[in-house]
Amino acid sequence: MDINITLPDNSVRKFNNELSGYDLASDISRSLAKDAVCIEINGQLTDLNTLIKEDSKCRIFTSNDQTSLEVLRHSSAHILAQAVLNLFPNTKYGVGPSIEDGFYYDFLFENNIKEDDLLKIEKEMHKIVLEKQHFSKEFISDKEALKIFSNQQFKQELINTADKGEGVGEGQVSTYKNKDFIDLCKGPHIPNTGYLKHFKLTKLAGAYWRGIETNPQLQRIYGTAWFTKDDLNKYLTRQKEAEKRDHRKLGRELKLFTTADELGPGQYLWQPNGSILRNQIEEFSKSAHINNGYEFVNTPHIGRSILWETSGHLDHYKEGMYPALTTEDTDDDYYLKPMNCPFHILVYKNDIRSYRELPIRYFELGSVYRMEKTGVLHGLLRARGFTQDDAHIFTTIDNLNDEILNLLTFSIKLLNCFGFTEIEADLSTRPNDSIGEDKDWENATKSLEEALNQQKISYKIAQGEGAFYGPKIDLHIKDAIGRRWQLTTIQIDFAQPNNFSLEYVNSENKKVRPVMIHRALLGSIERFTGILIEHYAGEFPGWLAPNQINILTVGKVDEYLNFIISKLSKYRLNIDDRNIRLGEKIHESRKNKVPITVIIGENDAKNKSIAINYLDGSEEKDIDFNEGIKSINKKLKKPVFKI
RNA sequence: GCCGGAGUAGCUCAGUGGCCAGAGCAGCCGACUUGUAAUCGGCAGGUCAGGGGUUCGACUCCCCUCUCCGGCUCCA
């Protein structure tokens, strides 16, 4: 019987016996056989040792393919579990998938292990790797599986609930075995454990079984695995790069912001340098809003409980709010605001509104306070007190689509000005705990989707991730090292206008309900600043830098210095005319990440010349001062916001 | 909130039950008067996160609390 195998280049190879993926690879070339990791047979990814028994379309994956890397990491997780069970035989094991850059496995140990134990486990893994144990796949019945995993509660649960794709199917499960270790798994795996050469266990953390908070908490071991030593090292270097960008570290070094135990967690103090940066961001945002049809409002930080009862916050969000402020003088409780919307609504309600006024767009840099769980706090990126570039738009249903579309454009252009050009969206739909009519939710979700399509932004649907009062669009940006951050949120709200009985008078002189849009574009100023710091690694674009120009002098140049200062007076300048070595001044200037370092010495005074150092290491030397100022103006130019 | 780790000078970190707790950087004082990535010398700086306990003796061991870090869950 002939077997015809079609390869990706559409060439066909004939064989007269059934053969394994490895045989096929060997038949093509020796190097391919050496590199092959797994194989796709008729669209089905599987092990390299799978027998091909009939005419098939095949594609062999080598260590160069991303798919192989995922297989390697999944196998690494198995080897990790195997090592753990060798060392701690009474451990219960959960699940162990491959993830971005690595893998993990969740365990319930008899006694919780410590970080030091990771080294021991890593050693045991190396032993298993050296033995080049083969992975073999087997299908067994549920019954048999329950027997094999009789003392493994998590595996039992997986077999019984049969929905997680861990090799569990109807009436039967697939397992993988290497030496004495067996796991539920649909595969595929690397041919043998020897394929795992370059790996490292990276951290130990807690994780709830199946990610559910009420389930027991397991210990999760994270690792990373790569096909080459070079790739592993590159990954480790990348991790270090990310550490260097940490906004908490840079914030301290550049004296941008600080905190104090006395303030309580999640509250930050902006130092003068940070305040300059922050003010630049806020001023830019404000002027963009002024020029785009927003009216500014200002509202207090606290409100009576009736307000939060009306808005539904006390029903749906109480645990996210700071506890009530009570006094003996009044029966009323007051609450710190976790959102600005109820206040903006009160401004709206202060007057009878006509359809001619709509849409009304109220903007405020509004500070809010949210009782985030201590474990989630993360510098400026997740703080308890923060300021939103917040606006609430009250519109007729007819104008809703236009408003959403305008908002998307507004936000994208604004983010572009700060250097974020790669933008994607999430469309979040109705969650379980929510208020409002089904029909309204449907319509609102549809408007958002239409706007996204018109703007041609790539987006994905986040099922059930909406706010309790309406669906939303979130915009995510990609930073300089490829990480995604959520910034803009645009939320439609049919509920609050009902809660507060909002009205406007339409053209037929009837009172009708407006629709409300909540939106924050940069999101939280704190968070946005944190992301900017990490994106630019503290080397901000000239217009944002707290100190824009450092002028370093060499020798006696007072008169010429004053002349140069007069030419640059519109910028934030620092003069370093100390009598110390130039090298030290330059070192300091670079350390402080000042975008422009100007050097003038006696020669420059004589020649009306100037030298400029930039943070990227480039420099202009002995150039005419006019030319120098032109370069500086260019480098420090503020972007123009235009829709 | 949960699991694990950590908290020593402004910052980065040494110091594993035994004189009075150290270094580098930063700060202050002085010398040097400087042309491209840190000049030299001196001084000052500490309730070793806070509280309790064990001990003749605790930064060090134990308990509690607080805060920070890595995750999990959460993020209206």
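Proteins come first, then strands; the chains are lettered A, B, ... in the order of their sequence lines, and each starts at number 1.
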Exercise for the section: Classify the nucleic acid contact of G601(A) as base, sugar-phosphate or nothing, counting any heavy atom under 4.0 Å across all strands shown. Expected result: base
Problem - Donor on one side chain, acceptor on other, S618(A) and D616(A), under 3.5 Å - result: yes
Exercise for the section: Check every atom of G35(B), G70(B), C74(B) against the side chain of A205(A) and return the nucleotide holding the closest atom. Expected result: G70(B)
Problem - Base-pairing assignment for G4(B) (Watson-Crick or G-U wobble, both under 3.5 Å) - result: C69(B)
Exercise for the section: Please work out if N112(A) contacts a base, only the sugar-phosphate, or nothing of the nucleic acid, heavy-atom cut-off 4.0 Å. Expected result: sugar-phosphate
Handout entry: Y369(A) and Q267(A) side chains, donor-acceptor separation under 3.5 Å
Key = no
Practice task
Taking the six-membered ring of F625(A) (Phe, Tyr or Trp), confirm whether the NZ or CZ of K567(A) is under 6.0 Å from its centre and within 45° of its axis.
Solution key: no
Exercise for the section: With a 3.5 angstrom cut-off on both distances, give the Watson-Crick or G-U wobble partner of U39(B), or none if there isn't one. Expected result: A31(B)
Practice task
Measure from the side chain of L582(A), starting at C-beta and using heavy atoms only, and say which of G35(B), C72(B), U34(B) lies closest.
Solution key: G35(B)
Exercise for the section: Indicate, with yes or no, if the rings of Y469(A) and H518(A) have centres closer together than 6.0 Å. Expected result: yes
Exercise for the section: Scan R220(A) against the nucleic acid and name what it touches under 4.0 Å (heavy atoms): base, sugar-phosphate only, or nothing. Expected result: sugar-phosphate
Handout entry: D426(A) side chain reached by E465(A) side chain, heavy atoms, under 4.5 Å
Key = no
Exercise for the section: Give P431(A) one of three labels, base, sugar-phosphate or nothing, depending on what nucleic acid heavy atoms sit under 4.0 Å from its own. Expected result: nothing
Handout entry: Complement of A9(B), any strand, by Watson-Crick or G-U distances under 3.5 angstrom
Key = none
Exercise for the section: Could you tell me which nucleotide pairs with G57(B) by Watson-Crick or G-U wobble geometry, both distances under 3.5 Å, or answer none if nothing does? Expected result: none
Problem - Per E584(A) side chain, nearest of listed nucleotides C72(B), U39(B), C3(B) - result: U39(B)
Practice task
Could you say whether A207(A) or G379(A) is positioned toward the 5' end of RNA chain B, judged by the nucleotide with the nearest heavy atom to each?
Solution key: G379(A)
Exercise for the section: Spell out yes or no: do the side chain of N579(A) and the base of U33(B) have one donor N/O and one acceptor N/O closer than 3.5 Å? Expected result: yes
Exercise for the section: Say whether E534(A) and W485(A), considering side chains only, have a donor N or O and an acceptor N or O under 3.5 Å apart. Expected result: no
Practice task
For the pair L314(A) and Y335(A), evaluate side-chain contact (heavy atoms from CB on, under 4.5 Å) and give the outcome as yes or no after the intermediate values.
Solution key: CA-CA 10 Å; L314(A) 284 178; Y335(A) 287 91; 3.7 Å; yes
Problem - OP1 or OP2 of G70(B) under 4.0 Å from side-chain N/O of K203(A) - result: no
Practice task
Select base, sugar-phosphate, or nothing to describe what G375(A) touches, counting heavy atoms under 4.0 Å on all strands.
Solution key: base
Practice task
Mind checking E372(A) for me? I need base, sugar-phosphate or nothing, with any heavy atom below 4.0 Å counting as a touch.
Solution key: nothing
Would you tabulate the pairs of protein nitrogen or oxygen atoms and nucleotide nitrogen or oxygen atoms of nucleotides 8-12 of chain B closer than 3.5 angstrom?
unit_1: U12(B); atom_1: OP1; unit_2: R252(A); atom_2: NH2; d: 2.9

Practice task
May I ask which nucleotide in the shown strands pairs with C75(B), Watson-Crick or G-U wobble, both distances under 3.5 Å?
Solution key: none
Handout entry: Base paired to A26(B) (Watson-Crick or G-U; both N/O distances under 3.5 angstrom)
Key = none
Handout entry: Pair assignment for A21(B), Watson-Crick or G-U wobble, requiring both distances under 3.5 Å
Key = none
Practice task
Please state how far atom CD in Q491(A) lies from atom P in C75(B), giving the value in whole angstrom units.
Solution key: 12 Å
Handout entry: Which nucleotide in U36(B), U34(B), G1(B) has an atom nearest any side-chain atom of R581(A)
Key = U34(B)
Practice task
Mark yes or no for a side-chain to base donor-acceptor pair under 3.5 Å between R527(A) and C75(B), with no hydrogen or angle criteria applied.
Solution key: no
Practice task
Ignoring backbone atoms, establish whether R248(A) has a side-chain N or O less than 4.0 Å from OP1 or OP2 of G70(B).
Solution key: yes
Practice task
May I ask you to say what E602(A) touches in the nucleic acid, namely base, sugar-phosphate or nothing, with a heavy-atom cut-off under 4.0 Å?
Solution key: base
Exercise for the section: Remember a base hit wins even if backbone is also touched, and classify K114(A) as base, sugar-phosphate or nothing at under 4.0 Å, heavy atoms. Expected result: sugar-phosphate
Exercise for the section: Measure centre to centre between the rings of F107(A) and Y105(A), then say whether the value is under 6.0 Å. Expected result: yes
Practice task
Go through U36(B), C74(B), C68(B) for me and flag the one nearest to the K621(A) side chain.
Solution key: U36(B)
Exercise for the section: Could you please name the option among G35(B), G70(B), A37(B) that lies closest to any side-chain atom of H378(A)? Expected result: G70(B)
Practice task
Verify the ring-centre separation between W270(A) and F386(A): is it less than 6.0 angstrom?
Solution key: no
Practice task
Check every strand shown and say whether K472(A) touches a base, only sugar-phosphate, or nothing at a heavy-atom separation below 4.0 Å.
Solution key: sugar-phosphate
Problem - Nucleotide of G4(B), C69(B), A37(B) approaching I586(A) most closely (side-chain heavy atoms) - result: A37(B)
Practice task
Return no unless some side-chain N or O of Y222(A) is found under 4.0 Å from OP1 or OP2 of C72(B).
Solution key: yes
Practice task
Look at the side chain of H587(A) and decide which nucleotide, out of U67(B), A37(B), C72(B), has an atom nearest to it.
Solution key: A37(B)
Problem - Check: N613(A) side chain, U36(B) base, donor-acceptor under 3.5 Å - result: yes
Practice task
Check every atom of A37(B), G4(B), G1(B) against the side chain of E115(A) and return the nucleotide holding the closest atom.
Solution key: G4(B)
Fill in the blank from the handout: Whole-Å distance, N550(A) CG to U36(B) P, equals 17 Å
Handout entry: Steps toward side chain to side chain donor-acceptor pair (under 3.5 Å) verdict (Y560(A), E602(A))
Key = CA-CA 9 Å; Y560(A) 187 55; E602(A) 286 164 16; over 6 Å; no
